[in-house]
Amino acid sequence: MTDMQSTETPAKAEEERYDPAAIEPKWQGYWEEAQTFLTPENPGDDKLYVLDMFPYPSGAGLHVGHPEGYTATDIIARSRRARGTSVLHPMGWDAFGLPAEQHAIKTGTHPRIKTVENIATFRRQLKALGFSYDWTREVDTTDPDYVRWTQWIFLQLFHAGLAYQDEVSVNWCAALGTVLANEEVIDGKSERGGHPVERLPLRQWMLKITAYADRLLAGLEGVDWPNSTRIMQGEWIGRSEGAEVTFEVQGADQNIEVFTTRPDTLFGATFMVLAPEHPLVAQITTDAQREAVNAYVATAKNKSDRDRQASKEKTGVFTGGHAINPVSGAEVPIWVADYVLMGYGTGAIMAVPAHDTRDFEFAKAHGIDIAQVVSATGEPAGDFDQAFTELGVAVNSGKYDGMATADAKAAITADLEKDGKGKARTEYKLRDWIFSRQRYWGEPFPIYFPVTTDGDPREGAEHTIHYDQPIAVDESELPVRLPELEDYQPGDDPAGVLARAKDWRFFQKDGQWFARETNTMPQWAGSCWYYLRFCDPKNPDALASKDALATWLPVDLYVGGAEHAVLHLLYARFWHMVLYDQGHVPTPEPFGKLIHQGMILGEDNQKMSKSRGNVVNPDDVIARFGADTLRVYEMFMGPLEATKPWNSEAIGGSKRFLDRCWKLSTMVHEGADVALDSATKKSVHKTIAKVTSDIDELKFNTAISAMMVLSKELEKAGAPREGVEILAKLVHPFAPHLGEEMWELLGHPPSVQHAGWPVADAALLVDDEVEIPVQVNGKKRAVLVLAADATEEQAMAAAKEDPKVAEALGEGTLRKTIYVPKRILNLIIK
RNA sequence: CGUGAAGAAGCUCAGUGGAGAGCGCCUGGCUCAGGACCGGGAGAGCGCGGGUUCGAAUCCCGCCUUCACGGCCA
């Protein structure tokens with residue numbers, strides 16, 4: 001096959017132009033044939049696992065945002081292979097998901113059909129961009145061989161007690177017959193159709209991610225991630241230390257537990273607030289207040305958390321009940337208000353209006369006392385128009401007066417504990433993960449339940465499913481496959497679409513009826529562990545062999561969008577930690593270095609969207625300029641992590657750079673046997689050093705800029721072979737088809753990928769002559785060319801001979817001379 | 001409101017103490033002409049105000065604007 005790449009074709013005419021439409025398919029064919037990017041069987045210590053966040057193969061095809069991150073990782077992969085590193089650089093599909101299911105609902109075709117089609121489009125587009133993926137390792141999360149191991153991991157979680165069922169309030173829309181995400185509910189109506197949506201408690205599978213909260217937090221310390229991402233994830237976990245305090249309810253044999261991070265402000269707690277769902281609300285409410293409280297609770301119940309939080313007004317109702325402040329003995333009123341959330345802490349708070357913004361607003365709105373107990377100065381102030389939330393010194397707090405906030409916290413917590421009225425406690429914002437969806441196109445749970453029935457439940461016999469007795473499917477029976485359905489319309493059963501597949505759902509074993517779980521897993525499930533499967537994608541006996549995992553983990557470089565900064569990266573870390581604890585993976589963390597590529601905006605500086613009409617289609621760009629130009633342009637636009645707008649004029653500049661590279665190699669090919677002069681040689685070696693370090697630092701835009709400059713110099717130098725060969729090696733990770741073509745024009749057999757990486761000669765990187773600006777009183781007057789090691793005297797002498805400097809010096813007296821070798825000569829005169 | 005990032009030539013960006021590149025623009029050459037190519041050129045109060053320094057885009061303090069993400073977590 002390789003013989004057919006005749007070197008005669010490009011040789012024949014000067015009219016020949018760089019023609020990506022011919023070159024690119026040619027080399028893509030070569031790579032596929034020669035298996036150029038196959039992952040090495042026995043990688044040594046020098047290994048690199050470079051991973052892109054795999055895409056959801058949407059019907060719209062590839063977006064110009066995709067090639068940005070993918071080109072970045074490809075440059076790393078290719079340049080490191082050239083340097084002899086064993087590289088794992090795979091690609092796959094996060095292919096479960098709602099769009100394919102919605103398409104199925106509309107058309108009645110199985111979501112798999114549309115999914116397979118979309119994957120084919122994505123694969124074709126990615127191959128057209130010349131990425132050096134090892135396509136033999138492709139994975140697809142919807143493939144039963146993959147689903148099998150997703151289900152297997154779920155069973156490990158289940159057996160470890162980390163998967164459990166709970167009743168969770170969800171948005172149920174009876175008209176649509178489905179559960180909606182918060183985003184799909186607007187003002188209590190469904191986004192599609194405007195049907196009423198109610199909050200309904202529904203049985204859900206939960207994963208106990210909170211059990212790993214501290215480790216997920218601690219692990220962030222050791223990981224090479226963007227600071228902002230680590231902060232975001234840390235805040236999402238939201239660890240806060242404080243105290244649990246017990247308030248007695250007056251006239252009742254009841255206590256209310258609250259969580260506070262400011263036990264030092266306990267003397268300032270002038271009221272309490274319960275969340276509307278708090279179990280004690282009904283008992284505490286007095287008859288006089290019952291009607292108002294019931295009405296308030298009912299309204300709050302039908303609001304989603306999001307709607308509740310949308311309103312900044314502090315609404316609430318007095319219950320009529322009172323509690324006793326455990327330190328001051330004061331009677332404080334108990335209110336119900338929806339700004340207190342049942343899901344955090346204990347669902348009840350002690351309200352300290354003087355020192356908490358929300359409590360302050362509430363007290364102002366409802367005329368409740370405000371008592372200052374912390375002051376910046378140690379002296380109580382007068383009235384204040386906003387809460388004082390800073391740290392300070394305790395006042396009006398009995399024996400704790402005068403203590404700094406931190407000391408007061410510790411002292412009060414210790415005393416509460418002694419009196420049995422409280423104790424230190426740590427809280428997290430992180431909640432357990434709702435892991436089930438009432439959808440079709442997802443992984444079935446490998447779980448079934450006993451059924452009590454007097455007939456055949458498939459035929460509609462009365463039956464009871466014992467959800468409280470979940471049974472794991474035996475591992476040997478995995479995967480549990482999705483049933484075929486006649487149609488994919490959501491039904492009227494909140495248990496999910498699968499509940500209608502009665503033949504699939506109910507089965508008999510040893511004369512006993514059982515029912516399969518009809519929920520499916522969320523899209524996150526497959527993406528939680530795909531990076532493990534890439535290490536050993538065909539393994540039939542395990543999610544991946546221990547050897548393969550030990551070889552490749554952790555992922556050395558992971559590139560993907562910042563929108564996954566919290567959820568995907570947190571969920572994947574959680575699964576990884578569980579697998580680590582069970583001895584299935586060898587590293588405590590999955591991902592080493594993480595980078596988020598920036599967003600590419602439309603030419604109008606707005607987010608690309610169909611409605612704005614500013615979408616750039618990669619297929620069009622490839623047709624017009626070629627894949628290499630698209631790659632180079634996207635890398636040249638700016639720093640990888642920056643948000644930057646598309647510019648259809650500037651892309652021509654990248655094309656012209658590649659034109660010039662191609663021309664240089666044809667010049668050599670046609671016999672220009674020019675030797676490399678010493679000045680150009682210097683430039684070549686400086687460029688090697690610059691491009692190499694820029695690639696390692698992911699500064700691709702500056703690497704390209706350096707190669708642009710070099711290409712012009714090489715052209716002026718008449719295309720010296722030695723320089724052009726080095727340029728071909730340097731440019732090939734960025735523009736791989738062109739790199740191969742240049743290498744061939746220069747008379748070498750393919751592939752440039754295996755031709756090694758140039759090494760800069762350190763001796764050529766230092767200049768023996770330097771340009772030194774001369775300033776007089778800080779204003780630049782001249783630039784001198786001096787020996788790099790010129791002394792101050794030599795520099796002064798040269799400066800005085802310069803007419804412009806002499807003129808500027810004029811009659812003045814020299815008061816001071818600042819000479820920084822290789823940088824500046826500044827003369828201060830008066 | 002909070003967190004993070006960024007403000008530099010018309011545009012997109014290099015530049016960690018002494019202002020540069022690409023694209024665009026003007027101009028000459030080449031061409032029947034255009035494009036491409038080659039040569040030359042114009043174009044920057046480096047967001048604002050202070051401070052440190054011989055000298056600040058760069059270091060320090062305050063402020064403004066834009067973008068991204070997050071939202072009542074006691």
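From a predicted model like this one, the values you see are computed outputs, not experimental measurements. We name chains A, B, ... by the order of the sequence lines, and we start the count at 1 in each one. Side chains are part of it too, since the values below use all heavy atoms of this structure and drop only hydrogens, waters and symmetry mates.
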Give every pair of a protein N or O atom and an N or O atom of nucleotides 26-30 of chain B that lie under 3.5 Å apart, one pair per line with the distance.
none

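- Every residue two or more places apart in sequence or in another chain that forms a side-chain contact (heavy atoms from CB on, under 4.5 Å) with A/Lys364 is listed here: A/Phe360, A/Ile370.
- Applying the salt bridge (Lys or Arg N to Asp or Glu O under 4.0 Å) criterion to A/Glu697, with sequence neighbours excluded, gives A/Lys699.
- The aromatic rings of A/His366 and A/Phe362 sit tilted, their planes meeting at an angle between 30° and 60°.
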Next on the checklist: Using a 4.0 Å heavy-atom cut-off to protein, can you give one letter per nucleotide of nucleotides 4-13 of chain B, 5' to 3': B if the base is in contact, S if only the sugar-phosphate is, - if neither?
Outcome noted: S-------SS
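- Comment: A/Glu241 does not engage A/Arg425 in a salt bridge, judged by the lack of any side-chain N to carboxylate O separation of less than 4.0 angstrom.
- Residues A/Trp236 and A/Tyr428 keep their aromatic ring centres 6.0 Å or farther apart.
- A/Asp359 is linked by a salt bridge (Lys or Arg N to Asp or Glu O under 4.0 Å) to nothing, counting only residues two or more places apart in sequence or in another chain.
- Consecutive pairing runs in RNA chain B reach the stem threshold at B:1-7 with B:64-70, B:10-13 with B:20-23, B:25-29 with B:37-41, B:47-51 with B:59-63, where a stem means at least three Watson-Crick or G-U wobble pairs with distances under 3.5 Å.
- Not counting sequence neighbours, the partners of A/Asp214 by the salt bridge (Lys or Arg N to Asp or Glu O under 4.0 Å) test are A/Arg239.
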Could I get a table of every N or O pair under 3.5 Å where one atom is in the protein and the other is in nucleotides 59-61 of chain B?
none

Enumerate the protein-to-nucleotides 41-43 of chain B contacts in which both atoms are nitrogen or oxygen and the separation is below 3.5 Å.
none

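- Considering only residues two or more places apart in sequence or on other chains, A/Asp432 meets the salt bridge (Lys or Arg N to Asp or Glu O under 4.0 Å) condition with none of them.
- Residues satisfying the side-chain hydrogen bond (donor to acceptor under 3.5 Å, both in side chains) test with A/Thr702, not counting sequence neighbours, are A/Asp694.
- When the ring pair (Phe, Tyr, Trp, His ring centres under 6.0 Å) test is applied to A/Tyr571, the partners found at least two apart in sequence or on another chain are A/Trp433, A/Trp524.
- A donor and an acceptor atom, one from each side chain of A/Ser240 and A/Glu427, are nowhere located under 3.5 Å apart.
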